[in-house]
Amino acid sequence: MGRRNKIIGSFAEAIADIPDGATIAFGGFAGPGTPYNLTRALLAQGAKRLTCIANTTGGAHVPRMPDLGMLVENGQVAKVICAFTAATRPTDVLPFTKYYDSGEVAAELVPQGTLAERLRAAGAGIPAFYTPTAVGTELAEGRETRVIDGREYLLEYALPCDYAFIRAWRADEAGNLQFRLAQRNFCPVMATAAKTVVVEVEEDILPAGALDPDQIHTSGIFVQRLVKIPPAPEGLWTIRRQERAK
Amino acid sequence: MSATTAKGWDRQQMADRLAQEFQDGWIVNLGVGIPTLCSNTDIGDRDIIYHAENGVIGYGPVLPAGQEDLHLVNAGGQNVSLNPGAAIIHHADSFAIIRSGRIDVTVMGAYEVAANGDFANWKIGGARGGGIGGAMDLAACAKRVFIILEHNTRKGEPRLLRDCALPVTARGVVTLVATNLGLFAPTGDGFAVRELAPGVTFAAAQAATGAPLTEHP
């Protein structure tokens with residue numbers, strides 16, 4: 001594939017081929033790096049029985065932006081793999097909770113560092129690893145552990161994905177990415193773990209050679225599709241916290 | 001609960017007391033809720049690096065509306081500033097810092113703490129889902145685990161117990177607990193009272209606790 005072919009004109013086109021049953025990782029953490037535009041396009045595209053990987057199931061903030069919770073409400077999700085399947089504040093009820101409690105959607109609850117490392121392992125060609133995290137907890141019940149140098153570790157498997165949806169600050173046409181500040185979070189490891197990486201890009205996509213090779217966070221080798229986010233209101237940008245609080 | 005007429009410390013005072021334990025040069029991870037308040041505490045010229053799970057290393061105070069950078073949040077989603085020497089890394093590297101034991105202390109909230117150092121903070125009774133976030137990685141791997149919590153539930157039930165009733169986050173890791181009533185250290189079969197908040201008697205603290213208290217030597 002020629003490098004110029006990575007630039008795609010619309011979000012709908014960039015995700016048109018996603019089949020029912022696909023596994024998709026969604027970048028983002030507390031806002032920055034979240035692929036709102038790709039998620040909105042997926043809501044319209046309608047693929048079903050998806051397995052969705054993200055830090056949270058979404059829906060904790062008002063006004064809501066397109067998130068995993070909306071895909072769940074739209075009947076597109078079979079399973080989520082997340083570090084939160086309940087709100088951080090126990091009195092908050094997530095949109096996801098109703099579907100989980102009724103058994104309509106399955107969930108795998110994974111400690112956040114284990115989630116990141118399972119993605120990293122998948123992207124690094126490592127099938128499994130041992131971690132001290134979650135040893136002695138409900139999550140470790142019935143699972144393989146091993147004592148190494150006197151400490152007990154839990155076996156965790158890599159988490160490969162069919163697609164990753166991420167958001168970046170800058171990209172060049174070769175697919176090289178730069179993230180800005182907290183936007184980075186899970187995005188680079190998800191990009192390595194997925195067969196097809198789709199990126200919504202905040203700034204204009206630059207010609208190859210325009211980005212300093214020393215300042216690339218994700219190599220274009222990991223990236224297949226780039227879409228420039230159009231100006232608001234057509235494109236979804238970051239919501240301000242004070243608007244969330246209303 | 002007539003024994004606990006003295007309310008003791010408020011939330012900021014609980015955080016302030018625990019933050020006094022931070023040593024110069026420590027790398028500190030603060031959980032959401034009351035632990036975040038530790039970053040407001042004046043600890044003089046001690047140099048602390050605040051680590052956030054999302055790879056924001058060396059963040060500073062929360063910025064007021066209008067001054068925030070929307071690309072920059074801490075683990076609680078607050079728009080923070082960066083201190084000189086800050087660095088941005090990705091999530092897997094951020095948890096490499098945690099898992100490799102480089103966090104000097106993690107301060108977390110909890111529902112329950114047990115006398116043997118177990119604690120529970122990810123799942124409430126009867127819930128199907130849970131909120132683990134980075135808590136299990138931090139609890140299993142940080143050099144020290146400090147807990148801040150209200151001494152009793154809203155119904156007046158103790159949160160410092162012989163054994164956790166809720167599913168635990170990690171076992172045997174908690175070394176220090178700040179509550180509104182004082183500062184306590186798990187001893188295995190109870191809690192040692194390191195300090196009591198002003199107006200709180202030993203008898204009142206014992207009456208509010210679900211495990212034996214001992215005077216700190």
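FYI, side chains are in, hydrogens and waters are out, and symmetry mates aren't considered; it's all heavy atoms of this structure. Throughout, protein chains are lettered first and strands after them, A, B, ... in sequence-line order, and every chain is numbered starting at 1.
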statement: Honestly, the part of B:Asp69 sitting under 4.5 Å from a heavy atom of chain A is side chain
- prompt: Can you say whether B:Ile89 sits under 4.5 Å from chain A via the side chain, the backbone, both, or neither, judging by heavy atoms?
  reply: backbone
task: Heavy-atom distances under 4.5 Å only: say whether B:Leu72 touches chain A with side chain, backbone, both or neither.
output: both
field: Contacting region of A:Arg167 [heavy-atom separation from chain B under 4.5 Å]
entry: neither
- prompt: Is a side-chain donor-acceptor pair under 3.5 Å present for A:Glu152 with A:Thr145?
  reply: yes
task: Give the member of B:Ala92, B:Gly130, B:Ala75, B:Ala140 that has the highest number of heavy-atom pairs under 4.5 Å with chain A.
output: B:Gly130
message: Applying a heavy-atom distance below 4.5 Å, give me the residues of residues 78-85 of chain A that approach chain B, sorted by number.
response: A:Ala83, A:Phe84, A:Thr85
- prompt: Which atoms of B:Tyr111 come close to chain A, meaning under 4.5 Å heavy atom to heavy atom: side chain ones, backbone ones, both, or neither?
  reply: side chain
Proximal component of A:Glu108, with respect to chain B [non-hydrogen, under 4.5 Å]: neither
field: Electrostatic pair A:Lys98:A:Asp101 at N-O distance under 4.0 angstrom
entry: no
- prompt: Most heavy-atom pairs under 4.5 angstrom with chain B, which of A:Pro111, A:Ala182, A:Gly113?
  reply: A:Gly113
- request: Name the region of B:Ala96, side chain, backbone, both or neither, that has any atom closer than 4.5 Å to a heavy atom of chain A.
  value: neither
- prompt: Using non-hydrogen atoms only, which part of A:Leu139 is less than 4.5 Å away from chain B: side chain, backbone, both, or neither?
  reply: side chain
query: Can you find a side-chain donor-acceptor pair between B:Glu157 and B:Asn152 that sits under 3.5 Å?
result: no
query: B:Thr169 versus chain A, heavy atoms under 4.5 Å apart: side chain, backbone, both or neither?
result: backbone
